[in-house]
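Working notes, beginning with the structure itself.
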Amino acid sequence: MPQPLRRVRTAVLISGRGSNMAALLEAAADPAYPAEIALVLSNREDAAGLERARAAGVPTAVVESRVFRRDRDAFERAMEAELHGHGIELVALAGFMRVLTEGFVTRWQDRLVNIHPSLLPAFPGLDTHARALAAGVKLHGCTVHLVRPGVDDGPILAQAAVPVLDGDTESELAARVLAQEHRLYPAALAWLASGRVRLEGAATRIAADQAAGALANPLPGHAALRTSGAGL
Ligand code: GRF
């Protein structure tokens, strides 16, 4: 008899809207998906994503970062109490707007993943779409990576590229990238949760899914680039 899949208990950390969280919840609604979203944790009570998580019946927790003021260690200890209390094995940052300490990142090494709205190592930090437009790049995109202590640093799991079109506004470009984030993050988290990621120096190798490891979008012949929900 086939063994039931043991799904990796995963927490999604958010600070706001939670559209990437929603994409992960949607993927994890499939019992064959290798990660179970066992907790959505926010550092802000007013994060809109919390409502979406509750509506989906997922356990939520709030550790208000502003209560801890500058004591990042105490803030992270409170978060880790929630993570351990829910038996969390893997943590996915999804628009979580707090920089984590080296201690936290080291304790969760290779079990902590982030999505960033640029083709890293280009444009780490904030305002990536405006900076991409100002720099005049022709390709922009998003990156899912393992987290290391530097800001938006760590081995890259997957990237998706989108074209920058003449006359793009920041919000048009952001929407084009976001549509790809919603495809990329569930795929990359699945690779990690199913143990298919191997580290080789600063790079990762994805077992048996090489072709999907680096996504270039649009594929030749792809239409409707300006449609925010455009998939492949
Ligand atoms: C996304 O663009 C993500 O890449 C970045 O923050 C944004 C969060 O959006 N880290 P959402 O909350 O997932 O909608």
Side-chain angles (χ1 to χ4, degrees), residues 10-29 35 37 39-56 58 60-65 79 90-100 104-105 108 112-133 137 139-162 164 168-190 192 215 217 228-231:
T10 303
V12 183
L13 270 52
I14 64 169
S15 298
R17 157 181 79 173
S19 71
N20 277 290
M21 173 213 74
L24 295 177
L25 288 181
E26 200 176 311
I37 309 303
L39 176 67
V40 169
L41 174 58
S42 174
N43 69 309
R44 298 178 57 126
E45 175 61 59
D46 61 356
L50 281 172
E51 212 32 68
R52 296 173 87 158
R54 288 181 193 124
V58 173
T60 60
V62 177
V63 177
E64 278 279 4
S65 47
M79 283 205 304
L90 199 57
V91 175
L93 307 177
F96 184 70
M97 300 303 285
R98 280 283 166 279
V99 176
L100 297 163
F104 184 96
V105 170
W108 290 88
L112 180 60
V113 64
N114 181 44
I115 186 156
H116 180 74
S118 78
L119 292 173
L120 290 171
F123 312 121
L126 299 174
D127 300 324
T128 57
H129 308 305
R131 287 159 61 208
L133 287 174
V137 297
L139 282 175
H140 185 42
C142 53
T143 302
V144 178
H145 65 99
L146 294 172
V147 177
R148 293 292 183 264
V151 172
D152 299 321
D153 185 31
I156 290 170
L157 289 169
Q159 294 185 302
V162 302
V164 180
D168 262 349
T169 63
E170 190 181 336
S171 65
E172 283 169 335
L173 184 56
R176 194 175 306 125
V177 171
L178 191 66
Q180 298 310 313
E181 294 186 37
H182 297 162
R183 301 173 55 243
L184 196 67
Y185 211 176
L189 183 68
L192 196 59
L215 298 172
N217 188 61
S228 65

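Numbering of ligands and ligand atoms starts at 1, following listing order. Keep in mind that the numbers below use all heavy atoms, side chains included, and drop hydrogens, waters and symmetry copies.
Remark: the backbone N or O of E45 is paired with a side-chain donor or acceptor of E64 at under 3.5 angstrom. Using a distance-only test at 3.5 Å, with no hydrogens or angles considered, no donor-acceptor pair links the side chain of T60 to the main chain of R54. The main-chain N or O of P124 is found under 3.5 Å from a side-chain atom of R131 such that the two form a donor-acceptor pair.
Shown in contact with P117 at under 4.0 Å from a heavy atom are these atoms of ligand 1, numbered in order with element: 2 (O), 4 (O), 5 (C). Those atoms of ligand 1 with a heavy atom of E181 less than 4.0 angstrom away are 1 (C), 2 (O), 3 (C), 4 (O). The ligand atoms of ligand 1 that sit less than 4.0 angstrom from a heavy atom of G95 are 6 (O), 8 (C), 10 (N).
Heavy atoms of I14 stay at 4.0 angstrom or farther from ligand 1.
The closest protein non-hydrogen atom to atom 13 (O) of ligand 1 is N20 N, 2.9 Å. Atom 11 (P) of ligand 1 has S19 N, 3.4 Å as its closest protein atom, hydrogens excluded (heavy atom only). For atom 9 (O) of ligand 1, the closest non-hydrogen atom on the protein side is R17 NH2, 3.1 Å.
Across L146, V105, L192, a single residue satisfies side chain to side chain contact (heavy atoms under 4.5 Å, CB included) together with L112, and that is V105.
The heavy atom nearest to atom 10 (N) of ligand 1, considering only L178, I115, V144, is found in I115.
Taking any N or O of N114, backbone or side chain, none lies under 3.5 Å from an N or O belonging to ligand 1. Geometrically, ligand 1 and G18 share a nitrogen or oxygen pair separated by less than 3.5 Å.
A centroid separation of 6.0 Å or more is found between the aromatic rings of H116 and H145.
To the nearest 0.5 Å, atom CD of residue E26 and atom CE of residue M21 are 11.0 Å apart.
With contacts defined as side-chain heavy-atom distances shorter than 4.5 Å, the pair S118/L120 qualifies.
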